[in-house]
Protein chains: 2
Amino acid sequence: MNIPTLRQLQFLVALGETGSFSRAAEACHVTQPTLSAGIKELEDLFGVSLAERESRGATLTHAGEIAVARASALLADAHALVQAVTSAGALFSGPFHLGAIPTIAPFVLPQIVGQLTRRYPDLKLYLTEDRTHRLIDQLRARTLDAAFIALPWEAPGIEVMTLFDDEFLLAAPAGHPLSRKNGLSPEDLQGEDLLLLEDGHCLRDHAVSICRLKTGGGREQVAATSLGTLVNMVAGGLGVSLIPRLAADNGLALGPDVAIRSFVTPIIGRQVGIAWKSGSPREAEARTLGELVRQQLRAQINAASIT
Amino acid sequence: MNIPTLRQLQFLVALGETGSFSRAAEACHVTQPTLSAGIKELEDLFGVSLAERESRGATLTHAGEIAVARASALLADAHALVQAVTSAGALFSGPFHLGAIPTIAPFVLPQIVGQLTRRYPDLKLYLTEDRTHRLIDQLRARTLDAAFIALPWEAPGIEVMTLFDDEFLLAAPAGHPLSRKNGLSPEDLQGEDLLLLEDGHCLRDHAVSICRLKTGGGREQVAATSLGTLVNMVAGGLGVSLIPRLAADNGLALGPDVAIRSFVTPIIGRQVGIAWKSGSPREAEARTLGELVRQQLRAQINAASIT
DNA sequence: TACTAATAATTGGAATTATCAATTTTATTT
DNA sequence: AAATAAAATTGATAATTCCAATTATTAGTA
């Protein structure tokens, strides 16, 4: 079955409202013949006369009245559709699936989750914590819209916005020689028992590659499953470790048994970024998230410089 | 605000259903580029990406899902509109205002009202009984859709369908000389006291003009207000009268005091027709009504010939 | 890595359609 | 009868839709 054009229905509604072909045409910003033709098409389509033409304008027939009533409703619905879809496409409306690796998640997500849910009431935010390659897979499968990951990381088809440098700090047991040494440099790590996260965490890979250490021998087999346990192991005197400043600044290593020292020349162990699938319609939101994290960081730095 | 085309919405719904631009295009009987362009227009209009293009078809975004849902509803409504308006334009649906002159109404309306309301349940039939010129005015003002009137009657802008000839019969008091005379002819009326309806009834005019009688003098001042009283006056012996066969056949003058005689050569006093305003969208219905009356008449004649 | 298959985007031109200005028709009013 | 007002008609033009052919992109496969 054929259906009319919304435009023709607009014509018809205007005709009903004005009671005149000419004035209706004016209201629709077309000429009278155009509107006339539109109405005629409707009449042909319906097989019904919609208006009686008189010397003093036009009057709707019974069928015309019905048509106008329904057409008005339809047009209103069409406008509502535009509204709904437009706002559905606004930033952070509807479901958003956000991921982060375990060494970033606890230090970044809490703050921005609060902000987001406050600023975007229509947002349904789903969080996932997993290792980088799993997150990337999920981005590709579109079960994730964006993810905070640590760089460098090569991933074709994935775009990344770099957010900030995250330098490595030394975590050593209180009283350890390195905790007192001035001018700490990477070479000082030689010979130390270096504690690392278990395999699969990108933080481990970054630490290894940056410090140019060969992983081999018995001691390095000791591997923690999370940053928290890693710090605990340091506190227990099992060795030293490298932890990202992001974690340290967020209160990971507060305690009397662990000393945190920074290197003279900062060792940029990793960068933090937000990633999304190339061409994703959520890119704008991902970038907005990135901006949000940057602002968060600036606020932290300002707060630190004040105290 | 701009609104989308129903066509574009059909494209979108098809895209949602098939999950593929190509297959959606096929379903819509257009080529893939055409459909692609349609979707892109929607996306521009909404300022939102509606579908993610992949190598294996397309998947709707959140906004796309919402758009498809609403678009489906809108299209369904559009179809319903076509249905509703089309059937609203069917014969005898909605209000129909029907008029008739007093000398026709009681003999025609009862039967067809029954038939109409039975056959067209959607019909709201309004009846008006008035004199011809008032009915004509109402047709012109479109407060009436059609009217049964007696012809001849000149009325510019009014179209008439002639239904049947209605000959005049003589009504005379029982025992009156004319009630026994053979070979009755119009000339026999000369010298008789001719009773007529009051001024304004077309029946009177027709009788006067057909019988070429001058109205003048005291006796003709006697005027009845309806056919019923006219017959009663004849029965009372006040004079003779002419009544239409339509009325006589429908039992108007049944009674021992009145004799009904037909003329040798039938005097076609009037014709009955149905009238409507030229160009009225109700013309088809008016003609249908006319047919209905004709059938009615045929049925009556058949019944009469059987008995 | 190159090749193939599947799919969507792009492009350019042809056919269709929509639109308008001018005119005509029709009915009403003066 | 002339003037007025409104809708229909007409014919030319402008806009648009639509398609065929091509290109681009991605994923799967040898």
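So you know, we letter chains A, B, ... as the sequences are listed, proteins then strands, and number each from 1.
Taking A:Glu17 as the reference, nothing meets the salt bridge (charged side-chain N to carboxylate O under 4.0 Å, His left out) condition, with sequence neighbours excluded. Every residue meeting the salt bridge (charged side-chain N to carboxylate O under 4.0 Å, His left out) condition with B:Arg142, not counting sequence neighbours, appears here in chain and number order: A:Glu52, A:Glu54. Looking at residues two or more places apart in sequence or on another chain, you find a side-chain contact (heavy atoms from CB on, under 4.5 Å) between A:Ala24 and A:Ala14, A:Leu15, A:Thr18, A:Leu35.
Pairs engaging residues 91-103 of chain A under the side chain to side chain donor-acceptor pair (under 3.5 Å) rule: A:Thr103-A:Arg270 [sequence neighbours left out].
The residue among B:Arg140 and B:Gly19 whose nearest nucleotide of DNA chain C lies closer to the 5′ end is B:Gly19.
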A correct 5'-to-3' footprint of nucleotides 16-27 of chain C, with B, S and - meaning base, sugar-phosphate only and no protein heavy atom under 4.0 Å, is ---SBBB----S

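Between B:Glu52 atom CD and C:dA8 atom P there is a gap of 13 Å when expressed in whole angstrom units. Rounded to whole angstrom, the span from the CG atom of B:Leu60 across to the C1' atom of C:dA8 amounts to 15 Å. At whole-Å resolution of the value, CG in B:Asp137 and P in C:dT28 are 13 Å apart.
For B:Thr61 (side chain) and B:Ser49 (main-chain N/O), a donor-acceptor pair under 3.5 Å exists by modelled atom type.
Of all heavy-atom pairs between A:Ile101 and A:Glu129, the closest is C-CG, 4.3 Å.
Atom CZ of A:Arg131 has more than 12 neighbouring heavy atoms from other residues, nucleotides or ligands inside a 6.0 Å radius.
Under 4.0 Å is where a charged nitrogen must lie from a carboxylate oxygen, and between B:Glu43 and B:Lys40 no such pair does.
Bracketed by its first and final contacts, the part of DNA chain D lying under 4.0 Å from non-hydrogen atoms of chain A reaches from D:dA5 to D:dT9 in 5' to 3' order.
The phosphate of C:dA8 (OP1 or OP2) has no side-chain N or O of B:Lys40 nearer than 4.0 angstrom. Listed pair B:Ser36 / C:dT10 fails the phosphate criterion, with no side-chain N or O lying under 4.0 Å from OP1 or OP2.
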